[in-house]
Undergrad: 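My questions all concern the structure below.
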Amino acid sequence: MSISDLKAHLVLTTKYRRKVITPAMLTRLGELVNHISQKWGCEVIEFNGESDHVHFLFRYYPQMQLSKFVNALKSYTSQQIRKEFLMEIRRVYWGKPVFWNSAYFVASCGGVTVEVLKQYVQNQDSASCTQDKLAIPHPPRSSRQPSG
């Protein structure tokens, strides 16, 4: 028998960093993340986001391949959100079947305490996910690394 306490911080950004995530989408994304995490045997510690990205702090087991989990999570949440929020997504992405940026950020939680990371995720400006802040289409940013 072995005991582990592995935690990771995942940041996903929307395609082209468009400000497409509304409060209703953020709530639904949280539900979807909980669902897929349970299927993979992960524990959600915290989930929150803003109009163009989300932060997800979770506990996982050593045998899990993080890249496969992240890809499954991105695929599942993207499909569901595009289906459930069709009109909002179409307005921003012109009907293309996209939602998440192909890149993502994931880090093990070793440099700071989980409480500090949890507070950081909780303090995301969820209020920025409002309908009136949907992005006007513009060229993609040249930097592929997520901020915030």
Side-chain angles (χ1 to χ4, degrees), residues 6-61 63-112 114 116-148:
L6 301 173
K7 296 172 197 80
H9 176 201
L10 174 67
V11 180
L12 301 177
T13 59
T14 57
K15 189 78 170 175
Y16 311 123
R17 289 300 294 253
R18 298 277 161 70
K19 296 182 182 303
V20 68
I21 301 173
T22 64
M25 270 187 226
L26 186 63
T27 299
R28 184 63 178 135
L29 281 166
E31 294 167 357
L32 296 169
V33 164
N34 270 311
H35 176 75
I36 193 88
S37 296
Q38 285 177 357
K39 282 191 163 205
W40 279 72
C42 295
E43 178 191 344
V44 176
I45 298 170
E46 198 65 50
F47 177 85
N48 205 352
E50 296 184 4
S51 59
D52 63 352
H53 70 280
V54 297
H55 290 264
F56 173 35
L57 183 59
F58 61 100
R59 186 172 286 119
Y60 64 101
Y61 58 93
Q63 296 82 6
M64 190 175 83
Q65 293 181 10
L66 278 177
S67 61
K68 287 187 177 183
F69 170 68
V70 171
N71 287 330
L73 181 135
K74 287 173 60 179
S75 177
Y76 176 70
T77 56
S78 176
Q79 288 171 6
Q80 292 301 121
I81 290 296
R82 285 184 286 118
K83 184 170 32 172
E84 296 175 26
F85 295 90
L86 181 64
M87 296 315 293
E88 293 95 324
I89 302 297
R90 271 195 180 158
R91 246 181 299 180
V92 176
Y93 293 117
W94 312 289
K96 292 181 183 173
V98 298
F99 186 71
W100 296 122
N101 188 340
S102 59
Y104 60 87
F105 168 83
V106 67
S108 60
C109 304
V112 297
V114 172
V116 170
L117 279 171
K118 191 173 174 181
Q119 287 177 347
Y120 174 74
V121 173
Q122 287 173 347
N123 290 328
Q124 290 295 294
D125 186 11
S126 302
S128 73
C129 302
T130 57
Q131 282 296 91
D132 60 336
K133 289 193 176 190
L134 289 178
I136 297 172
H138 54 81
R141 292 170 55 174
S142 60
S143 172
R144 295 187 62 176
Q145 293 190 3
S147 64

Undergrad: Between Y104 and L10, is there a side-chain heavy-atom distance shorter than 4.5 Å?
TA: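 With C-beta onward as the side chain, the pair touches.
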
Undergrad: Using the side-chain contact (heavy atoms from CB on, under 4.5 Å) rule, take V54 and W100 through it: C-alpha gap first, then chi angles, then the decisive distance, then the call.
TA: CA-CA 10 Å; V54 297; W100 296 122; 3.7 Å; yes

Undergrad: Could you work out, with side-chain contact (heavy atoms from CB on, under 4.5 Å) as the rule, every residue matching K15, not counting sequence neighbours?
TA: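 With neighbours one apart ignored, the set is Y93, V98.
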
Undergrad: Closest approach of I21 and H53, non-hydrogen atoms and distance?
TA: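 For I21 and H53, the tightest heavy-atom pair comes out as CD1-N, 4.1 Å.
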
Undergrad: So which heavy atom on L57 is nearest to which on K118, and how close?
TA: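 Heavy-atom minimum between the residues: CD2-N, 3.9 Å.
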
Undergrad: Please enumerate all residues that pass side chain to side chain donor-acceptor pair (under 3.5 Å) together with E50, with sequence neighbours excluded.
TA: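 E50 satisfies side chain to side chain donor-acceptor pair (under 3.5 Å) with no residue once adjacent residues are dropped.
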
Undergrad: Going through the checks in order, is the side-chain contact (heavy atoms from CB on, under 4.5 Å) test met by M25 and F99?
TA: CA-CA 12 Å; M25 270 187 226; F99 186 71; 4.3 Å; yes

Undergrad: Whether the side chain of N101 engages the backbone of T13 through a donor-acceptor N/O pair (distance < 3.5 Å, no angle test) should be reported.
TA: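 Looks like no, no N/O pair under 3.5 Å.
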
Undergrad: Would you name the heavy atoms of A72 and I36 that are closest together and state the gap between them?
TA: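 Heavy atoms of A72 and I36 come nearest at O-CD1, 4.4 Å.
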
Undergrad: Could you note down all residue pairs passing salt bridge (Lys or Arg N to Asp or Glu O under 4.0 Å) where residues 67-76 supplies at least one of them, sequence neighbours left out?
TA: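 Qualifying pairs, neighbours excluded: none.
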
Undergrad: Just wondering, do E43 and S37 contact through their side chains at under 4.5 Å, heavy atoms?
TA: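 Result no, sub-4.5 Å side-chain heavy-atom pair not found.
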
Undergrad: Using 0.5 Å steps for rounding, measure from the OG atom of S51 to the NZ atom of K19.
TA: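 It comes to 4.0 Å.
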
Undergrad: Please report the closest heavy-atom contact between A8 and V106, naming both atoms and the distance.
TA: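 Heavy atoms only, the tightest pair is CB-CG2, 4.0 Å.
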
Undergrad: Which residues pass the side-chain contact (heavy atoms from CB on, under 4.5 Å) test with L6, not counting sequence neighbours?
TA: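 L6: side-chain contact (heavy atoms from CB on, under 4.5 Å) contacts with S4, Y60, P62.
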
Undergrad: Under the rule for side-chain contact (heavy atoms from CB on, under 4.5 Å), what residues qualify as partners of A24, not counting sequence neighbours?
TA: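 Here the qualifying residues are T22, F85.
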
Undergrad: So, do N48 and N123 sit near enough that their side-chain heavy atoms are less than 4.5 Å apart?
TA: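 No, their side chains stay 4.5 Å or more apart.
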
Undergrad: Could you walk me through whether I81 and L32 pass the side-chain contact (heavy atoms from CB on, under 4.5 Å) test, one step at a time?
TA: CA-CA 9 Å; I81 290 296; L32 296 169; 4.0 Å; yes

Undergrad: What residues form a ring-ring contact (aromatic ring centres under 6.0 Å, His included) with F69, not counting sequence neighbours?
TA: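 ring-ring contact (aromatic ring centres under 6.0 Å, His included) list for F69, sorted by chain: W40, F58.
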
Undergrad: For L73, is there any backbone N or O sitting under 3.5 Å from a side-chain donor or acceptor partner on T77?
TA: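 Confirmed, T77 side chain pairs with L73 backbone.
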
Undergrad: Pair F56, L12 - check side-chain contact (heavy atoms from CB on, under 4.5 Å), show working.
TA: CA-CA 8 Å; F56 173 35; L12 301 177; over 6 Å; no

Undergrad: Nearest 0.5 angstrom please: C42 SG to R59 CZ, how far?
TA: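 With rounding to 0.5 Å, SG (C42) is 10.5 Å from CZ (R59).
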
Undergrad: Which pair of non-hydrogen atoms, one from G49 and one from Q124, has the smallest distance, and what is that distance?
TA: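 Result for this residue pair: O-CB, 3.8 Å.
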
Undergrad: Considering residues at least two apart in sequence or located in another chain, which fulfil the salt bridge (charged side-chain N to carboxylate O under 4.0 Å, His left out) criterion with R82?
TA: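 None.
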
Undergrad: Who passes side chain to side chain donor-acceptor pair (under 3.5 Å) against Q122, sequence neighbours left out?
TA: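 So Q122 forms a side chain to side chain donor-acceptor pair (under 3.5 Å) with E46.
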
Undergrad: Contact between V20 and D52 at the side-chain level, heavy atoms closer than 4.5 Å - yes or no?
TA: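 Side-chain contact under 4.5 Å: no.
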
Undergrad: Could you tell me which residues satisfy side chain to side chain donor-acceptor pair (under 3.5 Å) with E31, sequence neighbours excluded, listed by chain and number?
TA: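 With neighbours one apart ignored, the set is R28.
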
Undergrad: Taking the six-membered ring where the residue is Trp, are the ring centres of H55 and F47 under 6.0 Å apart?
TA: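 Centroid distance H55-F47: not below 6.0 Å, so no.
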
Undergrad: With T14, which residues qualify under side chain to side chain donor-acceptor pair (under 3.5 Å), at least two apart?
TA: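 For T14 there are no side chain to side chain donor-acceptor pair (under 3.5 Å) partners, ignoring immediate neighbours.
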
Undergrad: Can you list everything that forms a ring-ring contact (aromatic ring centres under 6.0 Å, His included) with Y76? Sequence neighbours excluded, please.
TA: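 So Y76 forms a ring-ring contact (aromatic ring centres under 6.0 Å, His included) with H35.
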
